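Structure first, then comments.
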Amino acid sequence: MANPSQRTLLFTGAYAEDHQSGVCVYEFNEDSGELKLLDEVSGIKNPTFLNVDPDNGRLYAIGEIAEQGGKAAEVISFEIDPEAGKLTELNRTRSVSSSTCHIQRDESSKYLMVSSYHGGLVGLHSIGENGQAGKLLDEKKHAELVSVREDQQSRAHSAFYSPDGQYVFVQDLGLDKILAYTINENKQELVFHGETQLDAGVGPRHLAFHPSGAYAYVINELNSSVTVLRYDQEAGRLEVLETVSTLPADFEGESYCAEIAVSPDGKTVYGSNRGHDSIVVFNVHEDTGRLSPVQYISTEGGHPRHFTLMPGGKFLIVANREGNNLVLFNVNPEDGKLDFTGYSVSQSKPVCVKPAVFQR
């Protein structure tokens with residue numbers, strides 16, 4: 001049964017023109033899994049990734065702006081009214097000099113970090129005491145930090161903090177590398193720490209840590225695979241253990257991976273396939289962190305660019321960009337396998353789903 005002292009909201013981002021609804025807020029029924037639309041926000045071009053800070057009642061979105069004939073980025077901050085399920089815009093700040101695809105926040109809510117696929121760079125923003133997105137503090141271009149072959153182009157796709165909060169790992173799809181950074185608090189700048197080289201042509205996109213902190217999993221967009229990594233906390237480094245396919249052996253079509261998630265109990269890893277239009281479910285080997293596929297299930301819509309495990313562990317929601325829908329799946333508590341509930345909600349080009357629990 002749902003906890004009456006809590007309320008779960010689901011925030012979604014989408015591909016949208018600035019006159020269209022790009023960010024939506026839904027109430028999530030923890031018992032049935034049903035969604036009730038509470039708010040829609042327009043005025044942002046392509047708010048394709050979000051970050052939610054439920055403790056401070058803030059939402060951060062990336063946006064795209066026109067600048068000198070090209071594209072630049074902005075970060076928009078909102079105040080969340082959890083009772084009404086409404087968003088109030090607080091401010092906008094100009095970000096890096098290229099469009100962005102991902103936004104991340106540190107655990108202490110001091111910083112926001114954006115990743116730019118087209119710019120091949122990452123940017124560090126402050127967060128003000130009032131929770132507003134602050135100015136751009138630093139910007140790092142990967143091509144200036146690591147070796148780049150002539151046939152490569154840097155494509156920074158996402159940034160994720162290590163479980164201890166000491167390092168930020170950035171997936172560069174174009175370079176087949178994961179770059180590690182620390183943050184110099186005194187200078188308020190990013191410090192390059194090192195790199196992990198993956199197999200040529202895999203295209204690392206997103207990363208998720210195992211709850212034990214011992215392992216990390218990166219989903220590779222270009223060759224439809226997941227690479228298992230061991231995390232060396234003392235050195236702040238990731239070591240490759242194995243790479244496994246996200247597709248069934250008999251699939252012969254074109255497909256590209258998108259999102260990855262690890263179950264709270266650490267027993268299951270999920271990944272999405274765009275083209276095969278499925279979620280792959282892996283069993284995690286407890287002693288090694290390695291993976292074995294146990295299920296491939298249709299996402300009931302095209303191009304599953306993002307998905308999320310919902311708080312409480314009973315449900316998983318997929319955002320199908322080409323299916324124009326949010327689709328609900330049951331999660332089996334025993335083996336982590338998924339089962340389509342038959343329930344979905346229509347939404348235009350959803351590409352990010354972020355849940356949060358609020359205390360009443």
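Keep in mind the model is a prediction, meaning the values are calculated, not measured.
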If you apply the rule side chain to side chain contact (heavy atoms under 4.5 Å, CB included), what do you find for Thr196 with Leu229, and how did you get there? CA-CA 10 Å; Thr196 300; Leu229 306 128; 4.1 Å; yes

Would Glu322 and Arg274 count as a salt bridge (charged side-chain N to carboxylate O under 4.0 Å, His left out) here? Give the steps. CA-CA 10 Å; Glu322 299 305 318; Arg274 298 172 295 173; over 6 Å; no

Output, in order, the C-alpha distance, side-chain angles, deciding distance and verdict of salt bridge (charged side-chain N to carboxylate O under 4.0 Å, His left out) for Glu259 and Arg305. CA-CA 7 Å; Glu259 174 64 342; Arg305 195 168 187 263; over 6 Å; no

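With hydrogens and angles disregarded, a donor-acceptor distance shorter than 3.5 Å links the side chain of Asn29 to the backbone of Asp31. Not a single donor-acceptor pair under 3.5 Å links the side chain of Tyr161 to the backbone N or O of Gln104. Side-chain atoms of Ser298 come within 3.5 Å of backbone N or O of Glu300 as a donor-acceptor pair. Judged by distance alone, the side chain of Asn324 and the main-chain N or O of Lys349 form a donor-acceptor pair under 3.5 Å. Judged purely by atom type and a 3.5 angstrom limit, Ser115 has no side-chain atom pairing as donor or acceptor with the backbone of Cys101. The backbone N or O of Ser255 lies less than 3.5 Å from a partner atom in the side chain of Ser224, making a donor-acceptor pair. In this structure, Ser126 contributes its side chain and Gly128 its backbone to no donor-acceptor pair below 3.5 Å. Here the side chain of Asn273 pairs a donor or acceptor atom with the backbone of Thr246 at under 3.5 angstrom. With Asp277 contributing its side chain and His303 its backbone, the two residues share a donor-acceptor pair below 3.5 Å. Under a 3.5 Å cut-off, the side chain of Gln20 and the backbone N or O of Glu17 do form a donor-acceptor pair.
Every residue two or more places apart in sequence or in another chain that forms a side-chain hydrogen bond (donor to acceptor under 3.5 Å, both in side chains) with Thr227 is listed here: Asn220, Thr243. By the side-chain hydrogen bond (donor to acceptor under 3.5 Å, both in side chains) test, Ser116 pairs with Ser98, sequence neighbours left out.
Using a cutoff of 4.0 Å between basic side-chain nitrogens and carboxylate oxygens, Arg92 and Glu89 are scored as salt-bridged. Salt bridge annotation for Glu67-Arg94: present, with a cationic side-chain nitrogen under 4.0 angstrom from a carboxylate oxygen. Between Glu239 and Arg230, at least one side-chain N (NZ, or NE/NH1/NH2) sits under 4.0 Å from a carboxylate O, which counts as a salt bridge. Classification of Lys314 and Glu30 as a salt-bridged pair fails, no side-chain N sitting under 4.0 Å from a carboxylate O. A salt bridge links Arg360 with Glu83; the closest basic N to acidic carboxylate O contact falls under 4.0 Å.
At a cut-off of 3.5 Å, with distance as the only test, no side-chain donor of Ser344 or Asn325 sits close to an acceptor on the other residue. Residues Ser158 and Gln171 bring a donor and an acceptor atom of their side chains to less than 3.5 Å of each other. Under 3.5 Å, the side chains of Asn320 and Thr299 contain a donor-acceptor pair of N or O atoms. Between the side chains of Gln197 and Lys177, at least one donor N or O sits under 3.5 Å from an acceptor N or O. Using a 3.5 Å distance cut-off with no hydrogens or angles, the side chains of Gln347 and Tyr26 do pair a donor with an acceptor. In this structure, a donor-acceptor pair under 3.5 Å is absent between the side chains of Thr48 and Asn46. No donor-acceptor contact under 3.5 angstrom links the side chains of Ser292 and Asn283, judged on distance only. For the residue pair Glu79 / Thr88, no side-chain donor-acceptor distance below 3.5 Å is found, with atom types taken as modelled. Looking at Ser77 and Asn91, their side chains do bring a donor and an acceptor atom within 3.5 Å of each other.
Under the 4.5 Å side-chain contact rule for hydrophobic residues, Leu9 and Val353 do not share a cluster. Hydrophobic clustering (side-chain heavy atoms under 4.5 Å, transitive across Ile, Leu, Val, Met, Phe, Trp, Tyr) keeps Leu124 apart from Ile127. Cluster membership check: Leu247 does not share its hydrophobic cluster with Ile297, using side-chain heavy-atom separations under 4.5 Å among Ile, Leu, Val, Met, Phe, Trp and Tyr. Grouping the Ile, Leu, Val, Met, Phe, Trp and Tyr side chains by contacts below 4.5 angstrom, directly or via other members, places Ile65 apart from Ile103. In the hydrophobic cluster analysis, where Ile, Leu, Val, Met, Phe, Trp and Tyr join through side-chain heavy atoms closer than 4.5 angstrom, Phe192 is grouped together with Met113.
Using bins of under 30°, 30° to 60° and over 60° for the plane-to-plane angle, the ring pair His210/Tyr217 lands in the tilted bin. Using a 30° and 60° split on the angle between ring planes, Phe209 and Tyr231 fall in the perpendicular class, above 60°.
The side-chain heavy atoms of Phe49 and Thr100, taken from C-beta on, include no pair separated by under 4.5 Å. Counting only heavy atoms from C-beta outward, the side chains of Leu175 and Arg155 never approach each other to under 4.5 Å. Between Leu190 and Ile183, the closest side-chain pair of non-hydrogen atoms falls below 4.5 Å. Annotation: side chain of Val280 is not in contact with side chain of Val269 (no heavy-atom distance under 4.5 Å). Annotation: side chain of Tyr15 is in contact with side chain of Val351 (closest heavy-atom distance under 4.5 Å). Residues Tyr296 and Ile279 are not in side-chain contact: their nearest non-hydrogen atoms beyond the backbone lie 4.5 Å or more apart. Proximity of Arg7 to Pro82: side-chain heavy atoms (C-beta onward) are nowhere separated by under 4.5 Å. Put simply, the side chain of Leu112 reaches to within 4.5 Å of the side chain of Val75, judged on heavy atoms.
Annotation: His102 is not in aromatic contact with Tyr117 [ring centroid separation under 6.0 Å not met]. Aromatic rings of Phe251 and His276 (six-membered ring for Trp) have centroids within the 6.0 Å cut-off, being under it. Residues Phe340 and Phe329 place their aromatic rings such that the two centres sit under 6.0 Å apart. Not less than 6.0 angstrom separates the ring centroid of His125 from the ring centroid of Tyr111.
Going from atom OG1 of Thr308 over to atom CZ of Phe11 covers 12.0 Å, rounded to the nearest 0.5 Å. Put simply, CG on Asn332 and CG on Asp339 are 9.0 Å apart, with the number rounded to the nearest 0.5 Å. For the atom pair CD (Glu334) and OG1 (Thr268), the distance works out to 11.0 Å, reported to the nearest 0.5 Å. Atom OG of Ser348 sits about 10.5 Å away from atom CD of Glu40, to the nearest 0.5 Å. Interatomic distance, CG of Leu87 versus CG of Asp39, reported as 5.0 Å (0.5 Å rounding). Taking CG from Asp138 and CG from Leu136, the interatomic distance works out to 7.5 Å, rounded to the nearest 0.5 Å.
Heavy atoms only, all atoms of each residue included: Ala61 and Phe78 are closest at CB-CE1, 4.3 Å. Residues Ser263 and Tyr270 approach most closely at CB-CE1, 4.4 Å, considering heavy atoms. Taking both residues in full, the closest heavy atoms of Ala156 and Leu121 are given as CB-O, 3.6 Å, listed atom of the first, atom of the second, then distance. Cys352 and Lys354 make their closest contact through SG-CG, 3.8 Å (heavy atoms, listed as atom of the first residue, atom of the second, distance).
Heavy atoms of other residues, nucleotides or ligands lying less than 6.0 angstrom from CD of Glu286 number 12 at most. Within a 6.0 Å sphere centred on NZ of Lys140, other residues, nucleotides and ligands contribute more than 12 heavy atoms.
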